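See below for the structure under consideration.
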There are 2 protein chains.
Amino acid sequence: MNTIDTKLWTSENVAADLERAVHEHRLPPGTKLGEDELAEAYGISRTIVRAALQALSHRRLVEHKRNRGAFIAQPSVREAREVFEARSLLEPRTARSAATRMTEQDLDILKQNIADEHVALDAGENGRALLLSGQFHLEVARIADQATIEDMISELISRSSLVIALYWRRRAALCETQAHHALLDAFAEGNGDAAEDLMKSHLLDLVASLDLRSVSQPATSLREALGR
Amino acid sequence: MNTIDTKLWTSENVAADLERAVHEHRLPPGTKLGEDELAEAYGISRTIVRAALQALSHRRLVEHKRNRGAFIAQPSVREAREVFEARSLLEPRTARSAATRMTEQDLDILKQNIADEHVALDAGENGRALLLSGQFHLEVARIADQATIEDMISELISRSSLVIALYWRRRAALCETQAHHALLDAFAEGNGDAAEDLMKSHLLDLVASLDLRSVSQPATSLREALGR
DNA sequence: TGGCGCAATATTGTATACAATAATGCCGAC
DNA sequence: GTCGGCATTATTGTATACAATATTGCGCCA
C-alpha cells in the first residue's frame, strides 16, 4: 500500500479492495492472508482486518482455518459447478427483466464496458478484462432493479473469478465480448426472450470453457491434498 | 440464558441462536441488539457478539447503524417483494431437482416436518410452526443437493420470517401445511413438473397472504419514519 | 416558559494486550 | 542416523482498555 494513504480504510473498503484483487487475479486461490501482514499493509489494526476477512468469508471468497488463518478460497469442482448452476437460475431471468427496463443510459454503460474490455484485452491486461467482464453481468443485474438478486449475483460473479482462476482452460480468449455484444443487441431491442436465451447460452459456454474434470483438482498446498 | 451454560458460545452459535429467535418471532424486527447486553447474556465478550452480529448483518437479518448499534432488520415493502422474487427464481427449480433425487428417508423427514408443524399449530405455538415451515423449504433445498443454492435459499427463508413478522395479514393460518402436503405427494411420485409448479404456486400464495400495500410501512421507530 | 447549548452518560468503534494453539527447530535417545 | 519429544516461535482467538460518537438531561438565558 501507499505509505501516505489519505483514504480511510474501513473494513468494507479493505474487503472491497481485496475482492477487487481477487477479481483481477492478483490474489490467487490459496493465498495466505495474514492478519498482521494486512494490518501493516493498510496501516490499521487487526480488528479491522478481521472484520474484512469475516465479510469475505461470508461471501465464500475466503476460507478460515481455525488457528491457521485466512486463505483465498479454492472452490472445489463441485462448488464450481454449483456456482454456475446458481447463476443459470438467476441471470437469464434477470437479463430478461433488464431488457424490459433498459434505458439509453444503461445501454451506454454496457457499451462502454464492452469497449473497455476490448481495450484491456488488446493491452494484455487480462486481469482487468476479467474484472470488466464480471462487471458487465453485475451491471445487467443492477439494471433489472432487484437489489436482492443483484447481491446474490454479485457474490456468484466473485466466486466465478476464483473458479476461472483455478479451472480456466487456455484457448478461447475473446469469446466473452462476442457474447456480451449479442446480449447488448437484445437489450437494445428490448427483446427479453432473446436476452434470456443468450444469457443462458453464455453461461453454458462459460462452464464449457472450464476444465472441470475432477481429477485435476487444484490441491495447491499440502496435507489436505493427501487427505490428512 | 442459563446461568450454568455448558455450551461453548462461538460466534457461529450465537448467530444461530439469534437467527432461530428471529425465525420463531421472539425477536421482532427493530429490536435493539446491544452488545454489552448480549455479551452478558451469553457470558462472553463483546468481541464474539460483534462477530455474530456481523454475520447476521451479512445475511441481512441485522442492520447496523453507525455508532447506534445493531437492530433486527425491518425489510421494506420493496425488499419483501424482492425476497420472494428471488425465492421464486430459485425454489421451484430446486423443488423439481429435489423430486428426482428424493429418497424414502428424505420423504420421511418431510413427512415428520409436516406432522410436527401440525402439532405446533394445534398447540398454538405459532413461532415454532413458522420455524418448521421454513425448515420444510430448507430441507427441500438440501435434498436437491446444491449447497450453494441451499445457502441462498436459507438466507431468503430467514429474511422471509422478518417479512412475515411485518406484513403477515391475519386469517388464513393453516394453508401452509396443505401446500406442503401437496408438494410431498409430488415428491413421492418423483414428479418434478408437479413439484416445480406447486412450489411456484405456493410462493405466490405466500406473497398473496402478505399485506404489501406500501402505505402501511412498519415504521417501528422514530426518526427515520420521518426521514431524518 | 421555552429554546438553546453544554455537560454527563451510555454505547459503539478501534487498538492492543494477553491467552491459546499450531508450526518449527533442536536435542537427545535408541 | 533417524525418530520422537520438548522447547521455541509465530499466528490466531479472545478479552479488555481506551477513544469517538451519539443521546440524554440539566441549566442558563432570553
Side-chain angles (χ1 to χ4, degrees), chain A residues 1 3 5-18 27 30-58 61-74 219-228, chain B residues 1 3 5-18 27 30-58 61-74 219-228:
Chain A
M1 285 303 114
T3 49
D5 244 341
T6 174
K7 181 164 187 175
L8 196 142
W9 287 109
T10 66
S11 63
E12 287 86 6
N13 289 140
V14 173
D17 200 53
L18 290 173
L27 281 178
T31 305
K32 170 77 183 290
L33 300 173
E35 298 182 358
D36 277 324
E37 199 176 344
L38 289 173
E40 191 177 8
Y42 287 99
I44 52 182
S45 77
R46 281 177 52 216
T47 305
I48 312 293
V49 171
R50 282 179 72 86
L53 291 177
Q54 282 180 56
L56 293 173
S57 174
H58 292 129
L61 292 187
V62 159
E63 286 172 3
H64 260 93
K65 306 189 181 178
R66 173 109 190 160
N67 288 318
R68 302 267 333 254
F71 303 80
I72 301 293
Q74 303 181 102
T220 311
S221 52
L222 354 164
R223 51 191 286 180
E224 79 182 21
L226 309 171
R228 58 197 56 245
Chain B
M1 286 303 114
T3 48
D5 241 342
T6 174
K7 181 165 187 176
L8 196 141
W9 287 110
T10 66
S11 62
E12 287 84 7
N13 290 140
V14 173
D17 200 54
L18 291 173
L27 281 178
T31 305
K32 171 77 183 289
L33 300 173
E35 297 182 359
D36 277 324
E37 200 176 342
L38 289 173
E40 192 177 7
Y42 287 99
I44 52 181
S45 78
R46 281 176 52 215
T47 305
I48 312 293
V49 171
R50 284 179 70 87
L53 292 177
Q54 281 180 59
L56 293 174
S57 174
H58 291 128
L61 292 186
V62 159
E63 286 172 3
H64 260 91
K65 306 187 181 179
R66 174 111 191 158
N67 288 319
R68 302 264 339 251
F71 303 80
I72 301 293
Q74 302 181 107
T220 312
S221 51
L222 350 168
R223 52 190 289 180
E224 79 181 22
L226 309 171
R228 54 197 58 243

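Every chain is numbered from 1, with letters handed out A, B, ... down the list of sequences. Here the structure is a predicted model, which means the values were calculated and not measured.
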Go through it in stages, so that I can follow the logic: the residues are B:Asp17 and B:Tyr42, the test is side chain to side chain donor-acceptor pair (under 3.5 Å), and I'd like the CA-CA distance, side-chain angles, deciding distance and then a yes or no. CA-CA 10 Å; B:Asp17 200 54; B:Tyr42 287 99; 2.7 Å; yes
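Here the P atom of nucleotide C:dG13 and the CZ atom of B:Arg68 are 11 Å apart, to the nearest Å. Between the CD atom of A:Glu63 and the P atom of D:dT12 there is a distance of 16 Å, given to the nearest Å. The separation between B:Leu33 atom CG and C:dT11 atom C1' is 14 Å, rounded to whole Å. Between the P atom of C:dA10 and the CD atom of B:Glu40 lies a distance of 14 Å, rounded to the nearest Å. Distance A:Asp36 CG to D:dT9 P: 17 Å, rounded to the nearest Å. Distance A:Leu8 CG to C:dA15 C1': 15 Å, rounded to the nearest Å. At whole-Å resolution of the value, CH2 in B:Trp9 and P in D:dA15 are 14 Å apart.
Looking at which nucleotide of DNA chain C each of A:Asn67 and A:Ile44 is closest to, the 5′-most match is held by A:Ile44.
Just one residue in the list B:Ile48, B:Ile44, B:Val49 forms a side-chain contact (heavy atoms from CB on, under 4.5 Å) with B:Ser11, and that residue is B:Ile48.
For D:dT12, one of the phosphate oxygens OP1 or OP2 lies less than 4.0 angstrom from a side-chain nitrogen or oxygen of A:Lys32. The shortest distance between the side-chain N/O atoms of B:Arg66 and the OP1/OP2 oxygens of C:dT12 is not below 4.0 Å.
Non-hydrogen atoms lying under 4.0 Å from DNA chain D are contributed by A:Arg46, A:Arg50, all within residues 46-53 of chain A.
Here the closest non-hydrogen pair linking A:Gly69 and A:Lys32 is CA-CE, 4.1 Å.
Residues passing the ring pair (Phe, Tyr, Trp, His ring centres under 6.0 Å) test with B:His58, sequence neighbours excluded: A:His58.
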